[in-house]
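Along the sequence shown, the residues carry numbers beginning at 1.
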Amino acid sequence: MEKPKLLDQVRNLIRMRHLSYKTEKAFLYYIRDFTLFHDKRHPSEMGAVEIGAYLTHLAVARRVAASTQNVAFNALLFLYKQVLGTELPRIEGVFRAKRPERLPVVFSPAEARAVIESMEGTPRLVAGLLYGCGLRLIEALRLRVKDVDFDSRHITVREGKGAKDRITILPTSLIDDLRNQIVRTKTLHEEDLRRGFGSVWLPFALARKYPNSDKEFGWQYVFPSSKISPTREDGVKRRHHMAESSIQSSVKRAIGSLGINKHASCHTFRHSFATHLLENNYDIRTVQELLGHNDVRTTQIYTHVTRNRLSVKSPLD
């Protein structure tokens, strides 16, 4: 049997390890770019010197962000250690891209509500979850019916950033709209079942542990896609969650229509959630848990943009 090509080996191993699709795309891009930078030499013929030269090129010639350079390094580390089975020596002499100390963009409470209220339909509800629960956009779209607990008024986020689960609050003001959304999802799911579809993607471990559960309503996405399409892992036609772009464009239009002159996006709602909780004197450890941060120092950045710091009176006044 012919041995798979290098990028196919990388892709197969990434999927075996159940890494995210975004990680797969990024790793494949930088591994391919690395080989092109070195005139299509096979990575097995190269080592620390070539990796260092490539990472320096990214920082100096392309002026990429520090986070981008780190992604490229992690891609190459995965390639050599996991795919080629090679332990790399210490890589020295790399020019490191500088990580800027930027403060998060935050809506005022009035701005956040105005943006949400100017939206309609599903995008409005999703935006409400981003601000009301502190969710990342992909976490909201991957939300499954069984992970919404109306009685306890909380939402369980499954496999968030870093493949971690966490529990966050469910705003009382969203309960009715969320119930109605789940009713619409159930109607759609029942129609899919009648048409011979109705299955949803489950990670491999869950699919083995709970056979046939992919057609149970509890596992369906709260915000399903408008169409059924093949799953990239196995080609089976399923109804996935709706696309991120549909929410992103709605939020962008709402911000523009209100004349809010901030470099804001869907993620600004999550920043605002954290900042406004701290302004309301909630404990930073509580906010850390709701956001799912490993280290409280990550959460502390929001203390730099709270209005409580701006209550200091200027000597000019």
Side-chain angles (χ1 to χ4, degrees), residues 21-22 65 67 100 102-143 148 153 155 157 160-161 168-185 187-188 221-227 229 239-280 282 287 290-292 299 301-311:
Y21 183 47
K22 287 184 177 180
S67 57
R102 291 199 179 99
L103 295 177
V105 176
V106 175
F107 291 127
S108 70
E111 287 173 337
R113 290 188 177 89
V115 172
I116 294 170
E117 289 171 3
S118 68
M119 299 169 67
E120 296 180 348
T122 302
R124 175 174 177 159
L125 177 55
V126 173
L129 289 172
L130 303 184
Y131 179 51
C133 312
L135 300 181
R136 299 176 179 89
L137 177 56
I138 193 62
E139 291 172 345
L141 297 181
R142 286 178 179 166
L143 190 63
V148 180
R153 295 186 181 180
I155 285 175
V157 179
K161 191 172 183 180
T168 188
I169 54 178
L170 172 59
T172 303
S173 56
L174 294 181
I175 287 179
D176 287 344
D177 288 341
L178 198 52
R179 284 188 190 275
N180 292 335
Q181 172 63 32
I182 289 175
V183 169
R184 289 191 293 270
T185 300
T187 301
L188 182 62
Y221 291 116
V222 173
F223 301 105
S225 171
S226 60
K227 61 182 180 180
S229 56
R239 190 178 293 278
H240 304 286
H241 57 73
M242 65 187 306
E244 295 174 80
S245 57
S246 60
I247 308 300
Q248 290 166 337
S249 58
S250 294
V251 169
K252 185 176 181 179
R253 284 195 300 271
I255 293 170
S257 68
L258 293 169
I260 297 175
N261 297 314
K262 293 181 177 180
H263 187 60
S265 65
C266 289
H267 206 65
T268 305
F269 287 117
R270 177 173 161 89
H271 292 324
S272 304
F273 168 85
T275 303
H276 298 164
L277 285 181
L278 291 173
E279 288 177 347
N280 290 327
Y282 283 97
V287 179
L290 293 174
L291 293 173
T299 317
I301 192 169
Y302 297 111
T303 63
H304 297 294
V305 291
T306 59
R307 287 180 299 167
N308 297 344
R309 291 174 63 90
L310 303 179
S311 62

Enquirer: Could you walk me through whether Leu188 and Arg239 satisfy the side-chain contact (heavy atoms from CB on, under 4.5 Å) test, starting with their C-alpha distance in whole Å, then the side-chain angles of each, then the deciding distance to 0.1 Å, before giving a yes or no?
Expert: CA-CA 10 Å; Leu188 182 62; Arg239 190 178 293 278; 3.6 Å; yes
Enquirer: What do you reckon, is NZ of Lys262 surrounded by more than 12 foreign heavy atoms closer than 6.0 Å?
Expert: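 Yes.
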Enquirer: Could you label the plane-to-plane angle of the Tyr221 and His241 rings as parallel, tilted or perpendicular, counting under 30° as parallel and over 60° as perpendicular?
Expert: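 Ring orientation, 0 to 90° scale: perpendicular.
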Enquirer: With side-chain contact (heavy atoms from CB on, under 4.5 Å) as the test, would you mind laying out the steps for His240 and Lys227 before giving the verdict?
Expert: CA-CA 8 Å; His240 304 286; Lys227 61 182 180 180; over 6 Å; no
Enquirer: For Val222, does its backbone N or O pair with a side-chain atom of Gln181 as donor and acceptor, under 3.5 Å?
Expert: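 Confirmed, Gln181 side chain pairs with Val222 backbone.
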Enquirer: For the CZ atom of Phe273 and the CG atom of Leu130, what is their distance to the nearest 0.5 Å?
Expert: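 It comes to 11.0 Å.
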Enquirer: Nearest 0.5 angstrom please: Leu290 CG to Leu135 CG, how far?
Expert: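 Reported value, rounded in 0.5 Å steps: 10.5 Å.
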Enquirer: I need the Ile301 CD1 to Thr275 OG1 distance, nearest 0.5 Å.
Expert: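 Here the rounded value is 9.5 Å.
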Enquirer: I'd like to check Gln248 versus Pro123 (side-chain heavy atoms, cut-off strictly below 4.5 Å). Are they in contact?
Expert: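 Of all side-chain heavy-atom pairs linking Pro123 with Gln248, none is under 4.5 Å.
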Enquirer: When you look at Leu129 and Phe223, which way does the side-chain contact (heavy atoms from CB on, under 4.5 Å) test go after all the steps?
Expert: CA-CA 12 Å; Leu129 289 172; Phe223 301 105; 3.7 Å; yes
Enquirer: Taking the side chain as C-beta and beyond, is there a heavy-atom pair between Val126 and Met119 under 4.5 Å?
Expert: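 Not in contact.
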Enquirer: Calculate, to the nearest 0.5 Å, the distance between atoms CG and CZ belonging to Leu174 and Arg153 respectively.
Expert: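 Those atoms lie 11.5 Å apart.
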Enquirer: Say you draw a straight line from CG of Leu278 to NE2 of His304; how long is it, rounded to the nearest 0.5 Å?
Expert: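 Going from CG on Leu278 over to NE2 on His304, the span is 11.0 Å.
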Enquirer: Answer yes or no: is there a donor N or O on one side and an acceptor on the other, between the side chain of Arg270 and the main chain of Leu291, under 3.5 Å?
Expert: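 Yes; at least one donor-acceptor contact below 3.5 Å.
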Enquirer: Quick one, His267 with Val105, criterion side-chain contact (heavy atoms from CB on, under 4.5 Å). Give me CA distance, side-chain angles, the key distance, then yes/no.
Expert: CA-CA 9 Å; His267 206 65; Val105 176; over 6 Å; no
Enquirer: So how far is it from Leu178 CG to Ile155 CD1, rounded to the nearest 0.5 Å?
Expert: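 Leu178 CG to Ile155 CD1: 6.0 Å, rounded to 0.5 Å.
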